[in-house]
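A short worksheet on the structure shown next.
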Amino acid sequence: VQLQACGGGLVQAGDSLRLSCAVSGRIFSSHIMGWFRQVPGKERDFVAAIRWNSGRTYYADSVKGRFTISGEYAKNTVYLQMNNLEPEDAAVYYCARAKEYGTHWRTYYYWGQGTLVTVSS
């Protein structure tokens, strides 16, 4: 299984970006797909997750109302739509897969390579 994340870039505060994560191999309906982010010197933080079979979504408080996670099942792709970006959102963003929902990175066992998001003020 491989996860390929892309869509990062340099934007200004208030702008939007959409990250994509293409998954090779089957995503089982019971799986959780998640997005995390990490800045240098800090742990990888939970951003959002989606339960593949129901579409139920979960968000970190810091991104609620601004970020939206979604899945395109036919393409085995997960998206993270990020609106009204803030300088504090700048990080390397990773997509990941888990068998159960959790907000700790150790819950997830397949990871993409990360895509860098830079937000200028």
Side-chain angles (χ1 to χ4, degrees):
V1 176
Q2 290 187 329
L3 284 68
Q4 185 77 26
C6 63
L10 171 62
V11 297
Q12 292 186 331
D15 285 350
S16 298
L17 272 178
R18 189 176 80 156
L19 306 183
S20 301
C21 176
V23 182
S24 66
R26 183 180 173 186
I27 302 178
F28 292 94
S29 60
S30 60
H31 283 173
I32 299 290
M33 296 299 301
W35 286 97
F36 284 73
R37 63 189 183 187
Q38 189 172 25
V39 297
K42 292 193 175 182
E43 264 208 351
R44 203 164 285 191
D45 288 334
F46 172 77
V47 175
I50 184 168
R51 192 175 294 276
W52 207 242
N53 58 0
S54 66
R56 182 177 177 180
T57 57
Y58 309 85
Y59 296 96
D61 288 342
S62 59
V63 306
K64 278 181 184 176
R66 300 188 298 122
F67 290 13
T68 303
I69 187 171
S70 61
E72 189 170 358
Y73 307 106
K75 293 186 176 181
N76 260 17
T77 300
V78 183
Y79 302 100
L80 184 68
Q81 177 67 43
M82 306 186 295
N83 297 331
N84 194 20
L85 282 160
E86 303 169 353
E88 294 75 21
D89 296 317
V92 177
Y93 282 72
Y94 298 90
C95 59
R97 191 175 92 179
K99 290 183 179 179
E100 298 177 350
Y101 169 65
T103 59
H104 197 281
W105 62 267
R106 289 194 181 94
T107 306
Y108 297 75
Y109 53 93
Y110 283 118
W111 290 87
Q113 83 287 3
T115 185
L116 177 63
V117 173
T118 305
V119 184
S120 64
S121 56

Main-chain N/O of [Y] paired with [X] side-chain donor or acceptor, under 3.5 Å:
X    : Y   : value
E72  : N76 : no
Q81  : I69 : no
R56  : W52 : no
T77  : K75 : yes
T115 : C6  : no

Side-chain contact, heavy-atom cut-off 4.5 Å: [X] with [Y]?
X   : Y    : answer
L19 : M82  : yes
F46 : Y59  : no
V11 : T118 : no
V23 : M33  : yes
D89 : R37  : yes
V47 : F67  : yes
K99 : Y109 : yes
E43 : H104 : yes

Query raised in the report: Any side-chain donor-acceptor pair under 3.5 Å between Y79 and R18?
Result: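 Not at all, the side chains of Y79 and R18 share no donor-acceptor pair under 3.5 Å.
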
Following the transitive rule for hydrophobic clusters with a side-chain heavy-atom cut-off under 4.5 Å over Ile, Leu, Val, Met, Phe, Trp and Tyr, establish whether [X] and [Y] coincide in one cluster.
X    : Y    : result
V119 : W35  : yes
L3   : Y101 : no
L85  : L10  : no
Y73  : V1   : yes
L17  : V92  : no

Requested in this report: Applying side chain to side chain contact (heavy atoms under 4.5 Å, CB included), run through R51 and Y58 and close with a yes or a no.
Outcome: CA-CA 9 Å; R51 192 175 294 276; Y58 309 85; 3.0 Å; yes

Query raised in the report: Does E100 CD have over 12 foreign heavy atoms under 6.0 Å away?
Result: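 No, because the 6.0 Å sphere around CD of E100 holds 12 heavy atoms or fewer from other groups.
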
What distance separates [X] [atom1] from [Y] [atom2], expressed to the nearest 0.5 Å?
X   : Y    : atom1 : atom2 : answer
Q2  : Q113 : CD    : CD    : 9.5 Å
N84 : D15  : CG    : CG    : 9.5 Å
Q4  : C95  : CD    : SG    : 8.5 Å

Requested in this report: State whether W111 and R97 meet the cation-pi test: NZ (Lys) or CZ (Arg) under 6.0 Å from the six-membered ring centroid, and within 45° of the perpendicular axis.
Outcome: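 Not flagged: R97 not positioned over aromatic ring of W111.
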
Requested in this report: Return the minimal non-hydrogen interatomic distance between A91 and V39, and the atom names on each side.
Outcome: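 Closest heavy-atom pair between A91 and V39: CB-CG1, 3.7 Å.
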
Requested in this report: Quick one: closest heavy-atom pair of S121 and A13, and the distance?
Outcome: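 Here S121 and A13 meet closest at CA-CB, 4.3 Å.
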
Query raised in the report: Looking at Y108, Y93, Y94, which one forms a ring-ring contact (aromatic ring centres under 6.0 Å, His included) with F36?
Result: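 That would be Y108.
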
